[in-house]
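Contents: one structure, followed by commentary.
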Amino acid sequence: MQYHFNEIEAKWQKYWAENKTFQATNQSDKPKYYVLDMFPYPSGAGLHVGHPLGYIASDIYARYKRHKGFNVLHPQGYDSFGLPAEQYAIQTGQHPALTTEENIKTYRRQLDQIGFSFDWSREVRTSDPSYYKWTQWIFIQLFESWYCKTHQCAFSISELEKLFSEEGNAGVNAACDDDVEYFTAKEWNSFSSDKKLVVLLKYRLTYLAETEVNWCPALGTVLANDEIVNGVSERGGHPVVRKKMTQWSMRISAYAERLLQGLDTIDWTDSLKESQRNWIGKSVGASVTFNVLPNVTLSADEGSHKIDVFTTRPDTIFGVSFMTLAPEHELVSQITTPEQKAEVEAYIQATAKRSERDRMADVKTISGVFTGAYAEHPFSKRLIPIWVGDYVLAGYGTGAVMSVPCGDQRDYDFAKHFNIPIPNIFEGIDISEEAYADKDNTIIANSDFLNGMNYKKATKRAIFELEQLGQGEGKTNYRLRDAVFSRQRYWGEPFPVYYVNGMPQMIDKAHLPIRLPEVEKYLPTETGEPPLGRADVWAWCTETNSVVANNKINNTTVFPLELNTMPGWAGSSWYFFRYMDAHNDQEFASEDALKYWENVDLYIGGSEHATGHLLYSRFWVKFMKDRGFVGVEEPFKKLINQGMILGTSAFVYREDGTNKYLSKGLIADINVHPIHVKVQYVNASDELDIEGLKNDGEFGEDFKDAEFILEDGVYKVGRDVEKMSKSKYNVVNPDAICEQYGADSLRLYEMFLGPLEQYKPWNTAGITGVHGFLKKLWKLYVGENGLNVDDSEPTKDNLKTLHKTIKKVEEDIENFSFNTSVSTFMIAVNELTTQKCTSKQVLEPLLVLLSPYAPHIAEELYSQLGHNKSISTAPFPKFDESHLVESSKNYPISFNGKMRFTLELPMDMSKEDIEAAVMAHEKTKEQLQGREPKKVIVVPGKIVNIVG
RNA sequence: GCUCAAGUGGCGGAAUUGGUAGACGCGCUGGAUUCAAAAUCCAGUUCUUUCGAGAGUGUGGGUUCGAUUCCCACCUUGAGUACCA
């Protein structure tokens with residue numbers, strides 16, 4: 001009987017689906033284990049062999065954990081809102097819901113054929129109203145919350161209102177907008193309800209704010225920095241301008257410290273934690289207030305300005321020789337003297353044209369302009385000229401810096417360029433060539449009360465003195481910015497928000513979900529409003545509590561709804577909770593389910609989400625914990641980034657100016673142009689199937705009349721490893737692999753390629769290795785005339801092979817070293833085949849070991865051994881050390897550390913006897929050639945090393 | 001620039017606490033089987049070599065009886081990030 005993988009795989013996939021083999025229960029005596037993949041965006045192109053890599057790894061782990069007696073939750077779903085579907089809708093007019101549905105079907109078929117043990121009964125789709133109902137609900141909770149910095153915790157906004165009415169806001173230590181004004185309880189209570197709403201909005205964890213964005217008028221949308229190339233949109237090349245827009249923001253900055261601290265409690269890779277730390281960007285220093293000197297030409301009212309700066313080096317405060325403001329800084333226009341006005345305005349105009357990215361990329365050019373105004377040094381009272389320079393970013397700190405040229409290279413370069421003095425405040429340091437930024441060896445000089453102090457002491461003293469003056473305090477700054485949460489798109493979650501007198505109002509939970517309205521086109525409106533501005537039925541009636549036609553808007557009972565939609569990361573920031581109780585229509589998940597499953601034990605996905613999805617999810621979970629909705633502080637306990645599988649592109653070489661294609665070895669110094677060809681026309685020896693290429697439906701025409709110049713009778717292509725992509729014709733489809741070799745071969749081969757975390761090239765030719773292994777495995781169990789397995793007693797060698805395999809495979813899975821397991825299986829099958837093993841006592845446990853990796857063949861053989869329950873219910877074999885105990889050791893005999901020969905000696909031989917046996921050996925004498933050994937190292941059971 | 005990875009045969013990679021470098025597989029070479037092919041099986045395959053042996057894990061040092069593994073400096077590649085005050 002042969003190994004008919006197609007039949008076997010279809011049979012067991014059907015069995016698993018029909019018997020709900022992998023359905024997890026929310027009640028169990030077994031310990032729980034939650035294995036999660038980053039859910040895919042269902043793109044139109046379907047899966048290529050790179051996509052399932054992480055899913056296969058997590059599936060192996062999930063199946064292993066089931067064998068180990070865990071109740072495993074291993075769900076899958078779709079991140080199904082997103083731009084490609086919308087773009088396709090704009091081009092074709094097809095509703096994104098339809099194309100998304102189609103794409104999901106393809107994905108599901110492809111995933112099913114690989115034999116994953118997903119619990120599909122818990123599938124979620126972020127674009128499903130029954131799912132985004134809860135995304136909207138969480139948004140409302142964020143709106144109804146504020147963050148107390150003293151307690152480091154979010155609370156209900158009603159508690160804040162109570163505080164305000166009892167004691168005003170002076171004593172409230174909240175994460176809020178910078179521009180809140182102080183008020184007393186009495187004042188608060190006298191505010192109109194509209195005014196109260198305005199004030200509260202400054203405290204809410206999601207709030208409306210004017211944000212500067214990259215606006216592309218032609219596309220009617222906001223673009224991310226990387227969607228802009230050379231100042232124009234990447235798609236279409238339209239001009240882009242900086243524009244202020246009112247958008248929803250998330251106050252993630254409130255959680256900066258906890259997001260940073262939490263990293264120490266989770267098992268993620270160091271590189272990933274490091275990216276998040278960089279992103280959060282904590283820096284400790286001080287804020288310093290400089291008074292701007294009254295300018296005689298300005299009125300008294302305009303004259304009393306203050307500039308706040310943040311510095312990490314308050315110890316260098318006596319080294320300040322100028323200040324620099326970002327061109328966008330609001331004080332610039334107010335303090336500039338009439339003489340400098342024209343120059344400053346010209347400079348601001350020039351910098352406004354450059355995108356933020358351009359400005360950052362061009363570090364070399366030093367530019368700036370003097371405002372004509374001066375500030376006063378808080379201690380020395382010296383005059384400090386105030387400059388404008390675009391090396392200061394408006395978005396970081398206060399958008400202004402105290403420039404200490406002797407201690408900061410950028411300040412130094414700026415000072416040199418504009419001939420500003422560079423006072424030296426460092427003891428014994430030469431600053432004639434460059435700034436001195438070494439904190440550890442700093443001794444302060446020329447600095448009044450700071451003289452002679454080191455960095456630490458001087459910092460402490462400077463902050464103390466600033467506080468005495470009321471012109472500064474110790475401060476910690478974070479680079480992490482609040483996240484913009486509005487998108488001018490159609491295919492995303494609608495906000496559960498309507499507007500009364502321009503103030504946002506939340507729709508009550510009872511009326512969720514607010515479903516996406518129908519529009520006739522998916523483009524922005526002619527007036528530049530988002531696509532939802534095209535909907536005719538998009539107003540909120542507070543009497544019927546329903547979405548009604550726009551023409552009913554009267555602003556007394558019927559109000560306009562929000563036109564923006566939520567960003568891609570909204571739905572993905574909490575989906576891991578929904579899997580716990582996916583069909584609950586009363587809550588996002590029940591308390592019991594949340595309590596049982598807690599959080600994700602193992603999360604596998606790509607490292608490209610390091611600072612997006614993985615940071616936002618942590619933020620939402622911390623918020624939900626604060627408000628008592630969940631019991632955990634972190635979403636993902638352990639996280640592994642799978643590496644990317646790269647494609648091996650193939651090239652043919654056209655001789656310039658001809659229609660001749662030269663085989664790779666013939667190029668020499670002839671001028672040729674390499675052209676990508678589809679990898680399916682290339683065999684394992686890099687030989688091109690010329691006929692196949694010429695008959696290709698898509699490109700055959702291009703090569704029809706081409707002449708292929710062969711070497712040794714074949715055309716050899718060139719190869720290069722590149723990212724797998726359609727445009728490089730190196731995409732390999734798992735469907736074809738499954739059909740030709742089977743899902744078990746695909747699973748084994750993806751693992752066999754190399755370590756999970758590494759980037760590695762795909763080469764279909766190599767799959768014959770693992771496929772051959774499966775055939776060999778099959779032959780070990782099934783002969784010409786039926787099963788080869790019997791009840792015979794295993795031999796010592798059989799047991800040794802089995803138990804070393806158990807040991808290795810178990811260690812490998814625990815270490816996520818799946819590639820070495822595959823080798824181990826090959827070795828085991830090779831050995832057992834040589835041993836002609838037929839013993840069920842050995843061959844049955846081997847199947848359980850293999851089943852996480854190659855579940856179909858394992859199920860089939862297991863059932864042929866007489867079982868009528870799925871192999872997934874079998875316990876993992878127990879390792880028994882006693883089978884590996886050896887009585888002798890083949891010692892490597894080294895001379896000066898180099899192994900020269902081996903010698904078989906009993907395991908229990910003493911050190912002295914080993915040395916004697918080695919020294920007596922004739923090859924030892926040969927090696928020494930008469931020399932007397934200086935030293936003989938004997939490590940019993942390991943090695944002998946002779947020095948001399 | 002900074003941070004984090006990673007450099008081992010023709011290729012993917014193995015060597016888990018410092019102890020036989022190149023497991024396992026691909027590819028290649030030779031052979032068996034076959035009318036032939038596929039499939040299968042067997043043997044060989046780091047480099048050099050005067051066939052005795054010698055060298056060898058990016059480069060150069062160091063620690064050690066012994067280093068792919070530990071330390072220092074450097075080079076290369078990849079990823080992320082950036083005038084962050």
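Proteins come first, then strands; the chains are lettered A, B, ... in the order of their sequence lines, and each starts at number 1. Quick caveat, the model's predicted, so the values are computed rather than measured.
Using a 4.0 Å cut-off between charged nitrogen and carboxylate oxygen, E886(A) and K800(A) count as a salt-bridge pair. A salt bridge does not link D411(A) to K416(A): none of the charged nitrogens lies less than 4.0 Å from a carboxylate oxygen. The residues K804(A) and E881(A) are annotated as not salt-bridged, no charged nitrogen and carboxylate oxygen being separated by less than 4.0 angstrom. Using a 4.0 Å cut-off between charged nitrogen and carboxylate oxygen, K807(A) and E811(A) count as a salt-bridge pair.
Within the shown strands, nothing qualifies as a pairing partner of rU64(B) under the Watson-Crick or G-U definition with both distances less than 3.5 Å. Judged by Watson-Crick or G-U wobble contacts below 3.5 Å, the nucleotide rU69(B) has no partner. Base pairing analysis places rA5(B) opposite rU77(B); the two distances defining the Watson-Crick or G-U wobble pair are each below 3.5 Å. For rG56(B), there is no paired base (Watson-Crick or G-U wobble, both distances below 3.5 Å). Within the shown strands, rG44(B) is the pairing partner of rC28(B) under the Watson-Crick or G-U definition, both distances less than 3.5 Å. Pair check for rA37(B) finds none; no Watson-Crick or G-U wobble contact set falls under 3.5 Å.
Residue Q758(A) is in sugar-phosphate contact alone, with no base atom involved, counting any heavy-atom pair closer than 4.0 Å across all strands shown. Within 4.0 Å of D411(A), counting heavy atoms only, lies no atom of the nucleic acid at all. The residue S271(A) sits close only to the backbone: its heavy atoms come under 4.0 Å of sugar-phosphate atoms, none of a base. Among the protein residues, T902(A) comes within range of the nucleic acid bases, having at least one heavy atom under 4.0 Å from a base atom. N890(A) comes within contact range of at least one nucleobase, with a heavy-atom separation under 4.0 Å. Here N945(A) lies in heavy-atom contact (under 4.0 Å) with a base. K775(A) comes within contact range of the sugar-phosphate backbone alone, with a heavy-atom separation under 4.0 Å but no base atom that close.
Of the residues near RNA chain B, V770(A) and E274(A), the one whose nearest nucleotide (by heavy atom distance) lies more toward the 5' end is E274(A). If you find the closest nucleotide of RNA chain B to R313(A) and to Y749(A), the one lying nearer the 5' end belongs to Y749(A).
Comparing the C1' positions of rG78(B) and rA73(B) gives an interatomic distance of 22 Å, to the nearest angstrom. Separation of the P atoms belonging to rA21(B) and rC26(B) is 25 Å when rounded to the nearest angstrom. Atom P of rG7(B) sits at a distance of 14 Å from the matching atom of rU68(B), rounded to the whole Å. Annotation: rG80(B) and rU64(B) have their P atoms spaced 42 Å apart (nearest Å). Separation of the C1' atoms belonging to rC4(B) and rG12(B) is 24 Å when rounded to the nearest angstrom. Separating the C1' atom of rU50(B) from that of rU59(B) is a span of 31 Å, rounded to the nearest Å. For the P atoms, the distance linking rG25(B) with rA5(B) amounts to 32 Å, nearest Å. Distance check on atom C1': rU29(B) versus rU17(B) gives 41 Å, rounded to whole Å.
The side chain of T820(A) sits closest to rA14(B) out of rG54(B), rA14(B), rA85(B). Relative to the side chain of T768(A), the nucleotides rC65(B), rG27(B), rG13(B) differ in distance, and rG27(B) lies closest. Picking from rC24(B), rU20(B), rA39(B) the nucleotide with the shortest atom distance to the side chain of M899(A) gives rU20(B). When the nucleotides rU40(B), rC83(B), rU20(B) are ranked by their closest atom to the side chain of I943(A), rU20(B) comes out on top. Between rU20(B), rA82(B), rA23(B), one nucleotide has an atom nearer to the side chain of I827(A) than all others, and that is rA23(B). Nearest nucleotide to the K776(A) side chain, out of rC41(B), rC65(B), rG80(B): rC41(B). In the set rG13(B), rG66(B), rC83(B), rG13(B) carries the atom at the smallest distance from any side-chain atom of N819(A). Among rA55(B), rC65(B), rA85(B), the nucleotide with an atom closest to any side-chain atom of R900(A) is rA55(B). In this structure, of rG80(B), rC84(B), rC24(B), it is rC24(B) that holds the atom nearest to the side chain of F752(A). The side chain of M826(A) approaches rG25(B) more closely than any other nucleotide in the set rG27(B), rG25(B), rC84(B).
Partner of H921(A) under the ring pair (Phe, Tyr, Trp, His ring centres under 6.0 Å) criterion, out of F901(A), Y891(A), F895(A): F901(A) alone. For the side-chain contact (heavy atoms from CB on, under 4.5 Å) test with T824(A), the passing option among N819(A), L849(A), D812(A) is D812(A); the others fail.
Rounded to an integer number of Å, the gap from F901(A) CZ to rG19(B) P is 21 Å. Summarising the geometry, the separation between CD1 on I280(A) and C1' on rG80(B) is reported as 15 Å, rounded to the nearest angstrom. Taking atom CE on M751(A) and atom P on rC26(B), their separation rounds to 19 Å, with Å as the unit. Computed from coordinates, the L325(A) CG to rC83(B) P distance equals 18 Å when rounded to whole Å. The separation between Q642(A) atom CD and rA79(B) atom C1' is 14 Å, rounded to whole Å. When rounded to the nearest whole Å, the span between CG of L615(A) and P of rU81(B) equals 13 Å. Taking atom CZ of R479(A) as the reference point, atom C1' of rC2(B) lies 12 Å away to the nearest angstrom. For the pair D270(A) CG and rU81(B) P, the computed distance is 18 Å after rounding to whole Å.
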Item to check | Derivation of the salt bridge (Lys or Arg N to Asp or Glu O under 4.0 Å) call for D264(A) and R277(A) | outcome: CA-CA 11 Å; D264(A) 296 333; R277(A) 284 193 192 103; 3.4 Å; yes
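OP1 or OP2 of rG25(B) has at least one side-chain nitrogen or oxygen of N830(A) nearer than 4.0 Å. Residue Y396(A) places at least one side-chain N or O closer than 4.0 Å to OP1 or OP2 of rA85(B). Note on K760(A): every side-chain N or O is 4.0 Å or more away from OP1 and OP2 of rG13(B).
Counting only distance, with no hydrogens or angles, the side chain of E831(A) and the backbone of T801(A) share no donor-acceptor pair below 3.5 Å. In terms of modelled atom types and a separation under 3.5 Å, the side chain of N730(A) and the main chain of K723(A) share a donor-acceptor contact.
Classified by its glycosidic torsion, rG30(B) falls in the anti category, the angle being over 90° from 0. rG9(B): glycosidic angle within 90° of 0, hence syn.
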